[in-house]
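Beneath this line is the structure, given in structure tokens, with notes to follow.
Lettering follows sequence order; numbering is per chain, from 1.
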Protein chains: 2
Amino acid sequence: MAQHNKTKYAIMALLSEAPRTGYDIKKALEANEIYFWSESYGQIYPILHKLAKEGLAEKRKASTERHPNRTVYELTPSGRTELVEWLKRPAGTIPLRIELLLKLRYGHLIDPANCLKLIEDYRQGQVDDIERLERQLDKHSGDDIRDAYARMTLRYGIALKRALVEWCRGTVDELEALAESGAAESVKGGGGAPDGGFSCGVTLLQL
Amino acid sequence: MAQHNKTKYAIMALLSEAPRTGYDIKKALEANEIYFWSESYGQIYPILHKLAKEGLAEKRKASTERHPNRTVYELTPSGRTELVEWLKRPAGTIPLRIELLLKLRYGHLIDPANCLKLIEDYRQGQVDDIERLERQLDKHSGDDIRDAYARMTLRYGIALKRALVEWCRGTVDELEALAESGAAESVKGGGGAPDGGFSCGVTLLQL
DNA sequence: AACGACATGTAAACAGTTACATGATTCA
DNA sequence: TGAATCATGTAACTGTTTACATGTCGTT
């Protein structure tokens with residue numbers, strides 16, 4: 001149960017706009033047509049075959065003079081129905097494994113200078129991403145309803161990354177205060193509370 | 001290259017606080033001792049075996065009267081060294097596949113009412129998470145340096161989720177405006193721009 | 001005797017990436 | 001001729017979850 005293979009639906013969604021070949025799909029994803037999704041050929045082709053077998057997409061030899069070996073896939077009515085039904089169902093979330101937080105959680109094992117470096121690198125990455133996302137927003141300023149939805153998804157990324165940049169700022173301050181107060185010497189011993197004390201009782205960070 | 005198996009380091013980090021059994025590690029992760037990380041037995045035991053083989057952890061039969069079959073693992077000095085070195089290296093990010101955004105990106109295929117429902121469900125989940133994270137913050141109000149680092153990671157989650165709740169608010173407004181303006185009829189035809197127009201040219205959303 | 005917590009593991013399946021194999025067309 | 005792009009695929013590997021198998025200890 002569970003995992004209704006979301007990647008399958010990402011491919012169907014691309015097919016819903018126009019018939020495409022596996023190669024086209026890869027290109028569309030590389031161009032970030034859906035900027036928060038990626039797939040490799042090793043996924044795309046097998047899924048396309050499966051879609052055809054299930055009657056959700058139709059395989060068609062589409063030989064142009066230029067490229068004789070193209071196989072385009074077109075979403076069938078039943079494929080479109082299944083896609084729409086999936087789109088309507090509540091969106092699931094996935095647990096995140098955030099490397100930065102794992103490192104920061106055990107910050108007491110390394111020098112505060114190293115923690116600061118970690119945060120600063122991370123912050124710079126987020127700042128760069130925000131710039132790219134904002135530039136992209138301008139390219140979706142059209143009236144088309146599809147542009148409006150694209151803008152919403154781009155703003156999700158911007159909102160999220162702006163919040164993280166703010167968090168980085170605050171965390172840097174805190175780390176600097178910690179370093180000055182001298183409380184920040186890295187803990188060498190293995191001790192510490194194995195029971196209680198450091199458990200959280202919250203659900204995993206999910207998006 | 002690439003993937004230096006982060007999960008291995010998550011386990012080593014837990015071991016750095018105290019020797020533990022595989023069962024203990026699972027329990028610690030379930031209690032969200034590292035609230036943004038999870039693992040299953042199918043991962044834990046093989047990794048523990050590997051750690052022992054590589055000399056990064058030491059396997060020790062620890063039979064209490066109560067439970068005679070415990071095998072605790074203790075981080076060796078070389079294990080500690082490797083962990084610390086990894087902690088110092090810049091944190092990598094991972095591409096996110098956010099189901100909500102995939103659905104919203106193709107919102108034109110479903111009714112605006114469905115989009116609103118999607119967002120509202122998502123918003124509620126984030127609000128609940130924020131509450132849990134905030135309750136948890138209080139439990140880490142100690143002076144211990146480890147508490148300070150735990151607070152930073154919790155605040156990351158809170159900052160992120162608050163931003164998303166704000167985004168949900170704005171998006172709901174926009175969706176309602178869209179619905180009123182009548183521009184929101186779901187697109188039935190397959191048409192649309194297969195080339196250009198909807199590509200983004202940004203890197204994938206990463207954390 | 002039955003149940004829940006403690007404890008250790010494996011097998012199978014799934015999701016995803018990387019690297020490889022193959023071959024046509026187009027353009028410099 | 002050689003490189004880039006178009007095009008389709010497979011094999012191997014990694015990471016991860018789920019379900020299963022097994023057994024002990026303590027409590028009701």
Side-chain angles (χ1 to χ4, degrees), chain A residues 1-11 19-31 36-53 57 59-73 92-97 99 102 194-195 204 206, chain B residues 1-11 19-31 36-53 57 59-73 92-97 99 102 194-195 204 206:
Chain A
M1 55 194 85
Q3 255 100 314
H4 273 291
N5 201 353
K6 296 176 232 163
T7 284
K8 168 180 148 182
Y9 294 105
I11 288 178
R20 293 182 205 245
T21 67
Y23 188 82
D24 291 339
I25 289 169
K26 184 75 187 333
K27 279 287 149 302
L29 290 168
E30 269 168 19
F36 43 81
W37 215 273
S38 72
E39 281 161 55
S40 49
Y41 289 129
Q43 283 265 94
I44 293 169
Y45 285 111
I47 287 177
L48 247 16
H49 297 330
K50 216 178 142 221
L51 250 29
K53 213 162 47 185
K59 195 182 212 150
R60 221 177 49 226
K61 283 278 161 212
S63 311
T64 18
E65 325 82 61
R66 333 192 131 243
H67 295 287
N69 299 320
R70 284 165 54 88
T71 312
V72 302
Y73 288 81
T93 59
I94 46 160
L96 296 179
R97 290 179 160 94
E99 192 177 324
L102 177 54
D195 277 350
L204 281 175
Q206 311 240 350
Chain B
M1 54 194 83
Q3 254 100 312
H4 271 291
N5 202 354
K6 296 177 231 163
T7 285
K8 167 180 150 183
Y9 293 105
I11 289 179
R20 295 183 204 244
T21 67
Y23 188 82
D24 291 339
I25 288 169
K26 185 75 185 338
K27 279 285 148 306
L29 290 168
E30 269 168 19
F36 44 81
W37 215 273
S38 74
E39 281 162 54
S40 49
Y41 288 129
Q43 283 264 94
I44 293 169
Y45 285 112
I47 287 177
L48 246 18
H49 296 330
K50 215 177 142 221
L51 250 28
K53 215 163 42 185
K59 194 181 213 153
R60 222 178 46 229
K61 284 278 160 212
S63 312
T64 17
E65 325 80 62
R66 333 191 132 242
H67 296 285
N69 297 321
R70 285 164 53 88
T71 311
V72 301
Y73 288 82
T93 59
I94 46 161
L96 296 180
R97 290 178 161 93
E99 191 177 326
L102 177 54
D195 275 352
L204 281 175
Q206 311 240 352

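Summarising the geometry, the separation between CG on A/N5 and P on C/dC14 is reported as 10 Å, rounded to the nearest angstrom. Computed from coordinates, the B/Y73 OH to C/dG9 C1' distance equals 10 Å when rounded to whole Å. Note: NE2 (A/H67) to P (D/dA4) measures 16 Å, nearest angstrom. The distance between atom CG of B/D24 and atom C1' of C/dG9, rounded to the nearest whole Å, is 16 Å. Whole-Å rounding puts the B/I44 CD1 to C/dT8 P distance at 10 Å. A straight line from CG of A/L48 to C1' of D/dT10 spans 15 Å, rounded to a whole angstrom. Atom NZ in B/K27 sits roughly 9 Å away from atom P in C/dA5 (whole-Å rounding). Rounded to an integer number of Å, the gap from NZ of B/K6 to C1' of C/dG16 is 13 Å.
For the OP1/OP2 pair of C/dG16 and a distance below 4.0 Å, the side-chain nitrogens and oxygens of A/T7 include at least one atom meeting the criterion. In terms of phosphate contacts, B/T21 brings a side-chain nitrogen or oxygen within less than 4.0 Å of OP1 or OP2 of C/dT8. In this model, the phosphate group of C/dC6 is approached by a side-chain N or O of B/Y23 to a distance below 4.0 Å at OP1 or OP2. Between B/Y45 and the phosphate of C/dT8, there is a side-chain N or O to OP1/OP2 separation shorter than 4.0 Å. An OP1 or OP2 oxygen of D/dT16 is reached within less than 4.0 angstrom by a side-chain nitrogen or oxygen of A/R97. A close approach under 4.0 Å does occur between a side-chain nitrogen or oxygen of B/Q43 and OP1 or OP2 of D/dT16. Not one side-chain nitrogen or oxygen of B/S40 sits closer than 4.0 Å to the OP1 or OP2 atom of D/dG15.
Toward the 5' end of DNA chain D, the nearer of the two residues A/P95 and A/V72, judged by each one's closest nucleotide, is A/V72.
B/G42 comes within 4.0 angstrom of a base, heavy atoms only.
When side chains are defined from C-beta on, B/F36 counts as touching A/L102, because their heavy atoms get closer than 4.5 Å.
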